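Fair warning: this is a prediction, and the values are worked out from it, not measured in the lab.
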Amino acid sequence: TETFRPITLESPKVLLPLANVPMLNYSLELLACNDVEEVFIFCTSHANVVEEYVSNSPWSHRFKIKTVLSTGCSSVGEAMRWLDDNYKGIIASDPFVL
C-alpha cells in the first residue's frame, strides 16, 4: 500500500517507530514471551534492511530468524502458498502461528 509513502520508499514499515521503538520489536517481544523458537519474517520489499536490523538486534540470539523476500505476493494467502512451495512442510508444522 501507499499509506506511509514516501517514508516507506526507503525504509520498511515494520521498522517505522511506534513510541520510538521499531514496530517489529513489539511482535518479536510477544513471540519471545510465548517461547517461540523459530520466526520467518516475510517481506515484499526491503528484506535486506530488515535482515540487517534483525541480525544486529538482541532478537538474533533469542530466535532462529529467517527473512524471506518475495516481491510477487500481495496477500497473506499468496505469502503462505509461496512459503509452502519454497519451504516444504513449514505450513503443516505443529505449532504454526500466523
Side-chain angles (χ1 to χ4, degrees):
T1 66
E2 297 183 13
T3 308
F4 294 104
R5 287 197 179 175
I7 298 169
T8 54
L9 291 173
E10 296 181 16
S11 178
K13 286 181 198 176
V14 296
L15 296 182
L16 293 179
L18 179 63
N20 293 324
V21 176
M23 289 190 284
L24 179 60
N25 282 19
Y26 294 102
S27 297
L28 295 175
E29 179 70 31
L30 180 65
L31 294 171
C33 289
N34 288 285
D35 299 323
V36 170
E37 297 172 0
E38 184 176 24
V39 175
F40 281 76
I41 301 175
F42 195 90
C43 304
T44 56
S45 65
H46 305 300
N48 57 336
V49 177
V50 173
E51 188 168 18
E52 182 180 336
Y53 173 78
V54 169
S55 66
N56 293 322
S57 74
W59 302 115
S60 64
H61 304 292
R62 173 60 184 89
F63 304 112
K64 178 181 176 189
I65 299 177
K66 174 71 176 158
T67 306
V68 180
L69 172 66
S70 176
T71 57
C73 296
S74 60
S75 70
V76 173
E78 287 180 7
M80 291 183 69
R81 275 189 293 280
W82 189 93
L83 281 171
D84 194 47
D85 289 345
N86 293 280
Y87 293 90
K88 294 292 183 201
I90 191 67
I91 301 298
S93 66
D94 184 31
F96 176 82
V97 179
L98 175 63

With rounding to the nearest 0.5 angstrom, report the CD to CG distance, Glu29 to Asn34. 10.0 Å
Nearest heavy-atom pair of Thr67 and Ala47: which atoms, and what distance? CG2-O, 3.7 Å
Given 3.5 Å as the limit, does a donor-acceptor pair link the side chain of Arg62 with the main chain of Val36, or not? yes
Common cluster, Val50/Leu69, ILVMFWY with side-chain heavy-atom separation under 4.5 Å: no
Is it true that Leu30 and Tyr26 fall in one hydrophobic cluster, defined by side-chain heavy atoms closer than 4.5 Å? no
What closest approach, in Å, do Ser57 and His61 show between heavy atoms, and which atom pair accounts for it? O-CD2, 4.3 Å
Closest contact, heavy atoms only, Ser60 versus Ser55: OG-O, 3.5 Å
Distance check, rounded to the nearest 0.5 Å: Ile65 atom CD1 versus Leu24 atom CG? 7.5 Å
Working to the nearest 0.5 angstrom, can you tell me the gap between Glu51 CD and Lys66 NZ? 7.0 Å
Measuring from Leu15:CG to Met23:CE, what's the distance to the nearest 0.5 Å? 8.5 Å
Gap separating the CZ atom of Phe40 from the NZ atom of Lys64, nearest 0.5 angstrom: 7.0 Å
Starting at CD of Glu38, measure out to CZ of Phe63 and round the result to the nearest 0.5 Å. 11.0 Å
Which residues pass the ring-ring contact (aromatic ring centres under 6.0 Å, His included) test with Tyr53, sequence neighbours left out? none
Does Glu78, at its CD atom, have more than 12 non-hydrogen atoms belonging to other residues, nucleotides or ligands within less than 6.0 Å? yes
